[in-house]
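In this chain, numbering begins with 1 at the start of the sequence shown.
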Amino acid sequence: MEQTENQAIIFAILGLAGLCIVIIILIIIFQKKKNLLLIKRIQDKKYFEKVIIETQFEIREQTLRNISWELHDNIGQLLTLAKIQLQKINDDSNRTKDINDNLTNILNEIRALTKVTNPDYISKIELQEAIKIEVDRFNRLNYIQSNLIVKGEPFIIDDKVEIIIFRILQEFFSNTIKHSRASKLDIFMKFYEAKLIIIARDNGKGFDELTIKEKGLGLVNMKDRGRLINADIEIKSKIDNGTSLSIVYYKN
């Protein structure tokens with residue numbers, strides 16, 4: 001009888017010891033998973049910050065590229081015309097008025113450039129205003145007939161999210177102007193209670209989605225950036241029927 005009780009005690013001790021070991025193992029596994037999760041979060045945060053910095057540099061590079069085009073194509077021509085008119089002036093009031101008008105146009109162009117050359121300007125304004133500046137520039141310089149329609153009640157979007165969305169759109173705009181042979185570009189923004197939908201569409205030559213590589217259009221890069229900000233990115237196109245970019249951003 002006593003021997004049976006001793007055996008029961010031993011089994012109970014062994015059982016408790018085994019249970020403790022199992023608990024310890026589970027704690028170790030849980031802690032390891034927790035540490036891995038924390039490491040992943042830190043890595044994701046670092047990657048996000050890296051992408052933000054890269055995106056800001058890309059926006060600035062694109063802005064400087066745009067400035068170069070504008071100085072060459074627009075302001076340069078206006079200054080040349082003013083110079084020619086000054087050379088031909090002969091106390092003609094009409095010519096004087098033309099020169100004054102030209103100089104006024106030059107000043108207006110410089111003021112417009114001052115806004116977009118400020119590195120912090122885009123981060124200080126709302127997304128729809130930044131897009132409107134791009135649309136106005138395209139129309140002013142006759143790059144492409146552009147139109148922006150905004151519907152719904154705008155909500156506050158994190159500055160870093162706005163930078164990434166703007167860069168995605170900027171990349172699409174650049175492809176449209178350089179490669180699509182489009183004459184028209186329409187951008188639609190619709191604010192819902194918990195999401196924002198942006199659709200940019202051109203009427204260019206389009207492409208075959210089955211044969212063209214996504215990488216060639218920067219679509220992979222766009223989608224990667226979209227995932228960082230909880231947004232879905234999609235490009236649709238048909239030959240001779242234009243190309244469209246869809247951005248669906250879900251508010252946190």
Side-chain angles (χ1 to χ4, degrees), residues 51-52 54-67 69-70 74 108-109 111-180 182-192 194-204 217-219 221-223 225-226 228-236 242-251:
V51 171
I52 288 293
E54 290 175 350
T55 302
Q56 288 174 325
F57 275 118
E58 288 174 0
I59 290 175
R60 291 178 186 182
E61 288 175 3
Q62 184 66 44
T63 299
L64 289 174
R65 202 174 294 116
N66 293 339
I67 292 168
W69 294 341
E70 293 183 32
N74 201 32
N108 289 336
E109 292 294 337
R111 290 191 186 102
L113 283 175
T114 301
K115 291 182 179 180
V116 296
T117 53
N118 186 341
D120 300 320
Y121 186 73
I122 296 299
S123 63
K124 290 181 179 179
I125 62 177
E126 294 180 344
L127 177 61
Q128 56 268 33
E129 188 178 349
I131 297 172
K132 182 68 164 55
I133 289 174
E134 290 288 276
V135 167
D136 289 344
R137 184 171 62 85
F138 296 155
N139 289 328
R140 190 176 70 250
L141 301 177
N142 294 319
Y143 284 159
I144 190 171
Q145 181 185 342
S146 305
N147 185 42
L148 171 64
I149 297 175
V150 181
K151 294 184 177 181
E153 187 66 30
F155 52 76
I156 296 175
I157 302 175
D158 184 87
D159 291 345
K160 295 176 181 179
V161 172
E162 287 187 324
I163 287 172
I164 288 181
I165 293 177
F166 182 74
R167 178 53 192 161
I168 292 172
L169 286 167
Q170 198 177 50
E171 191 168 349
F172 180 81
F173 296 160
S174 180
N175 285 335
T176 293
I177 292 172
K178 289 181 180 179
H179 308 299
S180 74
S183 61
K184 190 175 181 182
L185 171 65
D186 292 315
I187 302 101
F188 305 92
M189 297 181 69
K190 180 65 181 288
F191 287 88
Y192 294 87
K195 69 179 178 181
L196 166 64
I197 295 179
I198 303 175
I199 297 176
R201 182 183 300 121
D202 68 45
N203 65 345
L217 285 174
L219 181 54
N221 195 29
M222 290 182 185
K223 287 186 174 181
R225 287 176 172 169
L228 283 175
I229 58 172
N230 192 32
D232 295 328
I233 311 294
E234 186 176 21
I235 285 185
K236 291 289 185 181
T243 303
S244 67
L245 165 68
S246 170
I247 302 174
V248 182
Y249 167 70
Y250 300 93
K251 184 179 178 182

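The backbone N or O of Lys184 lies less than 3.5 Å from a partner atom in the side chain of Asn203, making a donor-acceptor pair.
Across Ser146 and Val135, no two heavy atoms sit closer than the pair CB-CG1, 3.6 Å. Pairing each heavy atom of Tyr143 with each of Arg137, the nearest pair is CE1-NH1, 3.9 Å. Listed here is the closest heavy atom pair of Thr176 and Ala182: CG2-CB, 4.1 Å. The heavy-atom pair separating Gln128 from Phe191 by the smallest distance is OE1-CZ, 3.8 Å. Residues Ile199 and Arg201 share a closest heavy-atom pair of CG2-NH2, 3.8 Å.
One distance of note links CE of Met222 with CD of Glu171; it measures 4.0 Å at 0.5 Å rounding. Atom CD1 in Ile131 sits 10.5 Å away from atom CD in Gln170 (nearest 0.5 Å). Distance check, rounded to the nearest 0.5 Å: CZ of Phe172 to CD1 of Ile247 gives 9.5 Å. Here the straight-line distance linking atom CG of Leu148 with atom CE of Met189 works out to 7.0 Å at 0.5 Å rounding. Atom CD of Glu126 sits about 8.5 Å away from atom CD1 of Ile157, to the nearest 0.5 Å. Annotation: the span from Leu169 atom CG to Ile164 atom CD1 amounts to 12.5 Å, rounded to 0.5 Å.
Defined by atom type and a distance below 3.5 Å, a donor-acceptor pair is missing between the side-chain atoms of Asn175 and Ser180.
With sequence neighbours left out, the salt bridge (charged side-chain N to carboxylate O under 4.0 Å, His left out) criterion links Asp136 to Lys132. For the salt bridge (charged side-chain N to carboxylate O under 4.0 Å, His left out) test, residues two or more places apart in sequence or in another chain that qualify with Lys236 are Glu234. Applying the side-chain contact (heavy atoms from CB on, under 4.5 Å) criterion to Ile156, with sequence neighbours excluded, gives no partner residue. Every residue two or more places apart in sequence or in another chain that forms a side-chain contact (heavy atoms from CB on, under 4.5 Å) with Tyr192 is listed here: Lys190, Lys195, Ile197. Annotation: side-chain contact (heavy atoms from CB on, under 4.5 Å) contacts of Leu228 (sequence neighbours excluded): Tyr47, Phe48, Val51. Residues forming a ring pair (Phe, Tyr, Trp, His ring centres under 6.0 Å) with Phe173 (at least two apart in sequence, or on another chain): Phe138.
Side-chain contact between Lys151 and Phe188: absent, with no pair of heavy atoms (C-beta onward) separated by less than 4.5 Å. Contact annotation: the side chain of Ile125 approaches that of Ile133 to within less than 4.5 Å [non-hydrogen atoms, C-beta and beyond].
Each of Asp186, Ile177, Thr243, Leu245 was checked for a side-chain contact (heavy atoms from CB on, under 4.5 Å) with Asp202, and the lone residue meeting it is Thr243.
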